[in-house]
Amino acid sequence: MDVRVRYAPSPTGLQHIGGIRTALFNYFFAKSSGGKFILRVEDTDRERYSDESLEDLYSTLDWLGIKWDEGPVVGGPYGPYIQSERFDIYKEYAEKLVKEGKAYYCYCTPERLEKLREEQVKSKSEYQGYDRHCANLTDEERAELEKQGIKPVIRLKVPTTGKTTFHDVIMGDITRKNKDISPDPILLKSDGFPTYHLANVIDDHLMGITHIMRAQEWIPSGPLHVLLYEAFGWEVPTYCHLPMVMGKDGQKLSKRHGSTAVREFRDKGYLPEAIINYVTLVGWSLDGSTEFLSKEELEHCFKMENIHKNPGKFDYKKLDWFNSQYIRMASDDRIASLLTPYLVKAGFISDPPTKEEEEKVRLLVAPAKERMKVLSDIVELSKFLFKDEPVSDKDVYIAKGSDLVKTKDALVEGGKILFDGLRENKAEEKIEEELMSLAERLEVKVNGVFQPIRVALTNSQVSLPLFDSIRLLGIPESERRLERAINLFKEN
RNA sequence: GGUUCCUUCGUCUAAUGGUUAGGACAGGAGAUUCUCAGUCUCUAAAUAGGGGUUCGAUUCCCCUAGGAACUACCA
């Protein structure tokens with residue numbers, strides 16, 4: 001039997017790390033076993049639904065390079081793949097269960113249910129949940145309630161005795177007493193929309209899903225789903241509950257831990273390959289020593305057996321490390337084009353960039369690449385190039401172990417050595433040597449010469465290396481800035 | 001509270017019924033380069049606790065502790 005798996009998110013918010021981890025595991029499992037990866041949109045919650053979320057789902061998967069074999073947009077033989085377009089199907093199946101006596105109409109108002117819940121909590125009753133008030137209504141009673149215009153929900157009859165077991169590839173057998181399963185859960189809401197449980201089970205069956213890979217938070221509803229499959233007389237698919245992605249404190253990863261939306265990571269300048277590589281390594285590993293895995297490699301070597309049982313904490317620092325590694329591995333051209341939007345947004349270059357600006361960005365890549373954890377770091381790194389904000393505090397120019405006079409000499413003499421050398425096309429190493437011997441003469445450390453010049457050119461103590469900076473600024477502008485610094489030191 | 005699940009360095013993880021319990025990130029130290037970053041070297045750091053089974057257990061079993069998820073006309 002060919003593997004068919006699905007990622008079935010609900011478009012009620014931006015795609016987050018946990019979600020795409022589930023998507024990735026499904027996708028890699030499908031690819032590595034020659035199966036199909038299906039995307040299904042579970043938009044049955046009309047209150048939390050948003051168009052923006054749906055767009056974010058598509059654009060996030062697209063950015064990550066995850067293509068679905070069947071689903072919205074691309075279609076497929078089991079469509080439609082958006083649950084709100086399958087409305088009639090759920091109603092039909094729910095009513096079928098009612099006809100067969102496996103489910104029933106319930107007319108209880110939300111108010112009554114609320115009151116019931118309150119009482120159960122207050123009395124610390126062992127019995128929690130719906131009291132099956134409508135389970136045995138007579139036809140007359142039902143007709144009366146219908147006449148009042150009350151729109152009923154459909155509830156599943158959950159057995160009160162016995163137990164239900166399902167097998168999970170990762171967890172093994174999981175058993176739950178039927179009396180502990182949420183009593184008579186709603187399958188069809190009063191607005192005619194299905195709940196997750198109903199729609200999910202029906203669609204997974206109708207779409208021929210063979211393996212259900214989803215987060216462990218769904219384990220508690222496993223037995224309920226099995227009950228539903230049995231009620232319909234359908235074969236239960238293979239379950240595979242994925243370990244959760246937690247925050248630093250061991251709780252489900254959420255906003256208070258930091259960024260969780262893929263969109264945010266993307267905006268900050270994380271590369272898709274870094275996200276994919278790192279996220280896949282939370283809850284899964286190839287062999288314990290392989291760190292770098294490309295999407296293509298994972299499409300081949302991903303094995304379900306290597307998925308862990310225990311939840312994993314999301315480590316932002318390790319993601320940063322992966323990202324900085326991938327930035328360095330990427331081609332200069334690619335990084336240049338990725339960097340451009342950040343520079344435009346900072347107001348450093350025009351949109352679209354001029355030829356001259358493009359050239360500058362291109363030159364910037366090499367020295368900047370090794371210094372970035374995320375692409376947005378480029379703004380701080382390249383500020384000196386586009387915004388000239390000279391440092392007027394002399395102390396900033398003075399290196400440790402140097403003084404006012406020596407710093408001024410370093411600027412004047414160093415500048416002369418530097419620019420004369422450059423005009424004569426001397427090798428940078430040669431000029432560097434000469435600057436070093438200047439330091440010796442001035443009796444300062446090497447930095448005593450370099451720091452003032454660097455600060456003069458880059459307006460900062462922390463900057464790109466001197467020669468890179470000059471290359472970027474150009475000799476005339478560099479000289480201008482140096483001259484300005486010398487004048488500063490000539491004052492008073 | 002109830003139900004279910006989980007437990008190897010701070011974090012992600014590897015390994016085996018017999019190893020000096022391995023790797024990576026983060027941390028610390030040092031080297032190097034004009035600052036920063038980087039790179040290189042070194043370093044510290046774990047089998048939750050208690051019982052069994054066994055010649056031997058981190059590995060198998062039980063208990064305890066800790067943690068998590070679920071407990072909606074949300075998914």
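Within every chain, numbering begins at 1; the chains are lettered A, B, ... in the order of the sequence lines, protein sequences first and strands thereafter. Since this is a predicted model, take the numbers as computed values, not measurements.
Nucleic acid contact for Glu380(A): none, since no nucleic acid atom lies under 4.0 Å from a heavy atom of the residue. Gly283(A) comes within contact range of the sugar-phosphate backbone alone, with a heavy-atom separation under 4.0 Å but no base atom that close. In this structure, Thr290(A) reaches neither bases nor backbone, as no heavy-atom distance under 4.0 Å exists between it and the strands shown. When heavy atoms are screened at a 4.0 angstrom cut-off, Ile453(A) is found touching no nucleic acid atom at all.
The interatomic distance linking Leu253(A) (CG) with U11(B) (C1') rounds to 14 Å, in whole Å. Counting to the nearest Å, the P atom of A37(B) and the CG atom of Leu466(A) are 18 Å from each other. Atom-to-atom, CD1 of Ile174(A) to P of U4(B) comes out at 10 Å; the value is rounded to the nearest Å. One interatomic measurement links the two molecules: CD of Glu118(A) to P of G1(B), which rounds to 21 Å at whole-angstrom precision. Computed from coordinates, the Lys317(A) NZ to A26(B) C1' distance equals 6 Å when rounded to whole Å. For the pair Gln461(A) CD and C36(B) P, the computed distance is 10 Å after rounding to whole Å. Protein atom CG of Leu411(A) is 18 Å distant from nucleotide atom P of C34(B), rounded to whole Å. As rounded to whole Å, 17 Å separates atom C1' of C5(B) from atom OH of Tyr239(A).
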Verdict with reasoning, Gln451(A) to Tyr397(A), per side-chain contact (heavy atoms from CB on, under 4.5 Å): CA-CA 6 Å; Gln451(A) 179 167 325; Tyr397(A) 294 78; over 6 Å; no

Ring pair (Phe, Tyr, Trp, His ring centres under 6.0 Å) between Phe25(A) and Tyr7(A), worked out: CA-CA 9 Å; Phe25(A) 278 26; Tyr7(A) 175 50; over 10 Å; no

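Side-chain atoms of Arg328(A) and Glu370(A), non-hydrogen and from C-beta on, do get closer than 4.5 Å to each other. Side-chain contact check for Leu464(A) versus Leu364(A): some heavy-atom pair is nearer than 4.5 Å. Residues Leu411(A) and Pro452(A) have side chains in contact (heavy-atom distance under 4.5 Å, counting atoms from C-beta outward). Side-chain contact between Phe28(A) and Cys301(A) is absent, with no heavy-atom pair separated by less than 4.5 Å. Within the 4.5 Å cutoff, the side chain of Pro152(A) has heavy atoms near those of the Glu146(A) side chain. With contacts defined as side-chain heavy-atom distances shorter than 4.5 Å, the pair Leu242(A)/Met213(A) qualifies.
In this structure U53(B) sits in no base pair that meets the Watson-Crick or G-U test at under 3.5 Å. Under the Watson-Crick and G-U wobble criteria, each requiring two contacts below 3.5 Å, nucleotide G1(B) is paired to U71(B). Across all strands shown, A45(B) forms no Watson-Crick or G-U wobble pair with both key distances under 3.5 Å. Remark: A14(B) base-pairs with no nucleotide in the shown strands. Criterion, Watson-Crick or G-U wobble with two distances under 3.5 Å. Base pairing of A31(B): its partner is U39(B), meeting the Watson-Crick or G-U wobble criterion (both donor-acceptor distances under 3.5 Å). Base pairing of A65(B): its partner is U7(B), meeting the Watson-Crick or G-U wobble criterion (both donor-acceptor distances under 3.5 Å).
The shortest heavy-atom contact between Arg21(A) and Val282(A) is NH1-O, 2.7 Å. When all heavy atoms of Leu473(A) and Leu457(A) are compared, the closest pair comes out as CD1-O, 3.5 Å.
Side-chain proximity of Asp315(A) to G38(B), U11(B), U35(B): nearest is U11(B). Taking every side-chain heavy atom of Trp321(A) into account, A26(B) is the closest of A26(B), C34(B), G23(B). Distance from the side chain of Arg371(A) is smallest for A37(B) among the nucleotides A37(B), C25(B), C5(B).
Going from the C1' atom of A57(B) to that of C74(B) covers 46 Å, rounded to whole Å. Between U41(B) and U47(B), the distance separating the two C1' atoms is 29 Å to the nearest Å. For the P atoms, the distance linking A14(B) with U7(B) amounts to 11 Å, nearest Å. Rounded to whole Å, the separation between the P atoms of A46(B) and U8(B) comes to 14 Å. For C42(B) and A24(B), the P atoms lie 10 Å apart once the distance is rounded to whole Å. For A29(B) and G66(B), the C1' atoms lie 35 Å apart once the distance is rounded to whole Å. The C1' atoms of U58(B) and G17(B) are separated by 10 Å, rounded to the nearest whole Å. Taking atom C1' in both G10(B) and C70(B), one finds a spacing of 29 Å when rounded to whole Å.
Within a heavy-atom distance below 4.0 Å of RNA chain B, the residues of residues 431-442 of chain A found are Glu432(A), Met436(A). Contacts between residues 273-282 of chain A and RNA chain B, defined by a heavy-atom separation below 4.0 Å, involve Leu281(A), Val282(A), listed by number.
Arg132(A) has a carboxylate O that lies under 4.0 Å from a charged side-chain N of Asp184(A), or vice versa, which qualifies the two as a salt bridge. Contact check on Arg40(A) versus Glu42(A) returns a salt bridge, with a Lys/Arg side-chain nitrogen under 4.0 Å from an Asp/Glu carboxylate oxygen. A salt bridge does not link Arg441(A) to Asp409(A): none of the charged nitrogens lies less than 4.0 Å from a carboxylate oxygen. A salt bridge between Arg371(A) and Asp377(A) is absent, with no side-chain N of the basic residue lying under 4.0 Å from a carboxylate O of the acidic one.
Side-chain atoms of Lys373(A) and base atoms of A37(B) include no donor and acceptor less than 3.5 Å apart.
In this structure, Arg328(A) reaches the U39(B) phosphate: one of its side-chain N or O atoms is under 4.0 Å from OP1 or OP2. In terms of phosphate contacts, His308(A) brings no side-chain nitrogen or oxygen within less than 4.0 Å of OP1 or OP2 of C6(B). In this model, the phosphate group of U13(B) is not approached by any side-chain N or O of Asn306(A) to a distance below 4.0 Å at OP1 or OP2.
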Footprint string (nucleotides 59-75 of chain B, 5' to 3'): B base within contact, S backbone only, - free, heavy atoms under 4.0 Å: ---------SSS--BBB

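Place Trp284(A) and Gln451(A) on RNA chain B by their nearest nucleotides, and Trp284(A) ends up nearer the 5' end. For the pair Ser285(A) and Met372(A), both in contact range of RNA chain B, the more 5′-proximal nearest nucleotide belongs to Ser285(A).
Between Tyr278(A) and Phe314(A), the ring center distance clears the sub-6.0 Å criterion.
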